[in-house]
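This report concerns only the one structure given below.
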Number of protein chains: 2
Amino acid sequence: MRKSRNRPSAARSTADTDLTKRAQILDQAAKLFRRHGYAATTLRQIAEATGIKAGSIYYHFSSKEEILVEVMDTGIRMVAAAVREKVDALPAGASNRERIAAAVEGHLYGLLHHGDFTSANIRIYGQIPQSAKDRHRIVRLEYADYWDRLFAKAQRSGELRSDVPLSVMRLFVLGSLNFTVEWYNPKRGSFESFARSISALVFDGILNLGKELRRPPGRRRVAEPA
Amino acid sequence: MRKSRNRPSAARSTADTDLTKRAQILDQAAKLFRRHGYAATTLRQIAEATGIKAGSIYYHFSSKEEILVEVMDTGIRMVAAAVREKVDALPAGASNRERIAAAVEGHLYGLLHHGDFTSANIRIYGQIPQSAKDRHRIVRLEYADYWDRLFAKAQRSGELRSDVPLSVMRLFVLGSLNFTVEWYNPKRGSFESFARSISALVFDGILNLGKELRRPPGRRRVAEPA
DNA sequence: GTCTATAGTATGATAGAC
DNA sequence: GTCTATCATACTATAGAC
């Protein structure tokens, strides 16, 4: 069913147009899936938003579900790429806590800068057909494993609290980050200050510890011997 | 359009049957909305799950959207009721921090014990028609205001950190709680221990502060003078 | 209070012209 | 690579029998 591969390598402009159209369809699909859900979005809507007719979509995709799976995969991949970039940019001797902080920042960045794909992924994952979940599974699991290893190492080194089950901690953190796509408003301050706030809450919680213990924004507290 | 009100007050069994059927429809609708979304759920599915035929639903509801709005409202009301119960049970002199802790516990309780209505609400809110959002708006806003006041008081009394915008803090907390419906698994431990874990993370964050600073489960840290 | 039957509309997908 | 036209199916909602 895959067309539009293996084209004459010279035809640059044609190739670009083709890639662009495919990408356009995915962009519009992500936007519509995010706003109205998968089932409520029709191929006619996607087509109209892309500037073509419904039937033409089948030149680029073999089914509605194929569009869905590609939108879902893209959502995860964008976030995963942003996380790896941030974490890999750390100096060699970075602590596990610093690695998690970088991952949190990267996750938020990927999440909030590719809004439609990531929001669609988070919003509709629980509602898509099982067959789509199955095809999306590998990409999703791989990313979950990444965080799993990050947290496991950090707890072994004693940097994370040990009175809360590790899986609860990991799911809580990822869940709280993911839900920011539902309420983050770029008009109310810069992304950087937002990320600092979220990071502070994840690491230190909401309580006021007194002026003596609170560091200036951007720096985070480490264990404070009594 | 409203039938089945003002019936002969003697007919207890008839009344029960009627209420039960209406409630059954809502129960099944909530379950299906949660799993497949609003648009993807058909009246035939709701009817079949309830043990009647699609046309019969119109005796109890005037439209699909009316079912939706009632499911959405119920989701919020159940959580709000659980929160008020927990907060109102506190002694008169309770601190704002204790009030928030009780609200967190109540919110989690309401959320995870009425899974279908609350999960449906959280999952599909962003996708329902604008007309349904408008009709759902008042119930939703009222509950948001409750938390708003709770947080505002706590920050004024200095119990909450002041280096993070209050709205970010409130939305972060509610969002992280809400997202637990996506991953909470009652088979992996009791609700009570789960609630303690989440509460600990919300108030204190994920870092290990050293054995000296960590209180036994259930108790929470207050400001610790240096 | 539930049923059957159906009106009116929209959907995903396909075929074939250009 | 996109179009028009259409098939087969499904949907919400209504009407009227029981």
Side-chain angles (χ1 to χ4, degrees), chain A residues 1-8 10-26 28-29 32-33 36-71 124 127-129 131-132, chain B residues 1-8 11-26 28-29 32-33 36-71 127-129 131-132:
Chain A
M1 281 312 104
R2 246 339 355 88
K3 285 93 159 262
S4 73
R5 293 286 92 94
N6 301 75
R7 341 169 195 69
R12 175 71 98 90
S13 72
T14 322
D16 277 6
T17 309
D18 177 48
L19 282 176
T20 294
K21 196 50 99 185
R22 217 186 123 88
Q24 276 176 11
I25 293 171
L26 288 172
Q28 299 304 325
L32 288 162
F33 289 166
H36 303 116
Y38 172 62
T41 300
T42 69
L43 290 175
R44 284 168 174 79
Q45 289 175 305
I46 297 173
E48 192 187 19
T50 316
I52 58 177
K53 300 290 178 179
S56 310
I57 287 183
Y58 286 86
Y59 176 81
H60 303 278
F61 299 91
S62 67
S63 71
K64 190 186 178 188
E65 188 172 301
E66 194 184 313
I67 300 178
L68 172 64
V69 173
E70 200 148 327
V71 167
I124 72 181
Q127 306 172 5
I128 64 177
S131 51
Chain B
M1 280 312 103
R2 247 335 1 85
K3 285 96 160 261
S4 73
R5 292 287 94 93
N6 301 76
R7 342 169 192 66
R12 173 71 96 91
S13 74
T14 321
D16 277 6
T17 309
D18 177 48
L19 283 176
T20 293
K21 197 48 102 183
R22 216 186 123 88
Q24 275 175 12
I25 293 171
L26 288 172
Q28 299 304 325
L32 289 162
F33 289 167
H36 304 118
Y38 171 62
T41 300
T42 69
L43 291 175
R44 283 169 172 81
Q45 289 175 305
I46 298 174
E48 192 186 20
T50 315
I52 57 176
K53 300 289 179 180
S56 310
I57 288 183
Y58 287 87
Y59 176 81
H60 302 280
F61 300 91
S62 67
S63 71
K64 190 186 178 187
E65 187 172 304
E66 194 184 311
I67 300 178
L68 172 64
V69 173
E70 201 148 323
V71 166
Q127 306 172 4
I128 64 178
S131 51

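In what follows, every chain begins at residue 1, and chains take the letters A, B, ... in the order their sequences are listed. Reckoned from all heavy atoms, side chains included, excluding hydrogens, waters and symmetry mates.
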What's Thr50(B) touching, base or sugar-phosphate or nothing? Going by heavy atoms closer than 4.0 Å.
nothing

Pairing residues for Ser131(A) by the side chain to side chain donor-acceptor pair (under 3.5 Å) criterion, not counting sequence neighbours
Glu65(A)

Look at the side chain of His60(A) and decide which nucleotide, out of dT2(D), dT2(C), dC3(D), has an atom nearest to it.
dT2(D)

Which residues pass the side chain to side chain donor-acceptor pair (under 3.5 Å) test with Gln28(B), not counting sequence neighbours?
none

Side chain to side chain donor-acceptor pair (under 3.5 Å) involving Glu48(B) - partner list, sequence neighbours excluded
none

Please test Tyr59(A) against Lys21(A) for side-chain contact (heavy atoms from CB on, under 4.5 Å), starting from the C-alpha separation and ending with a verdict.
CA-CA 11 Å; Tyr59(A) 176 81; Lys21(A) 196 50 99 185; over 6 Å; no

May I ask you to verify if any side-chain N or O of Ser56(B) is less than 4.0 angstrom from the OP1 or OP2 atom of dG1(C)?
no

Could you tell me which non-hydrogen atom of Ala49(A) sits nearest to which non-hydrogen atom of Leu32(A), and how far apart they are?
CB-CD1, 4.5 Å

Five-pair end axes of the helix from dG1(C)-dC18(D) to dC18(C)-dG1(D) and the angle they enclose, rounded to 10°:
10°

Between P on dA10(D) and CD on Gln45(B), what's the gap in Å once rounded to a whole number?
12 Å

B/S/- contact track for nucleotides 13-18 of chain D, protein heavy atom under 4.0 Å:
BB----

Out of dC3(D), dT2(D), dT12(D), which has the shortest distance to the side chain of Thr42(B)?
dT12(D)

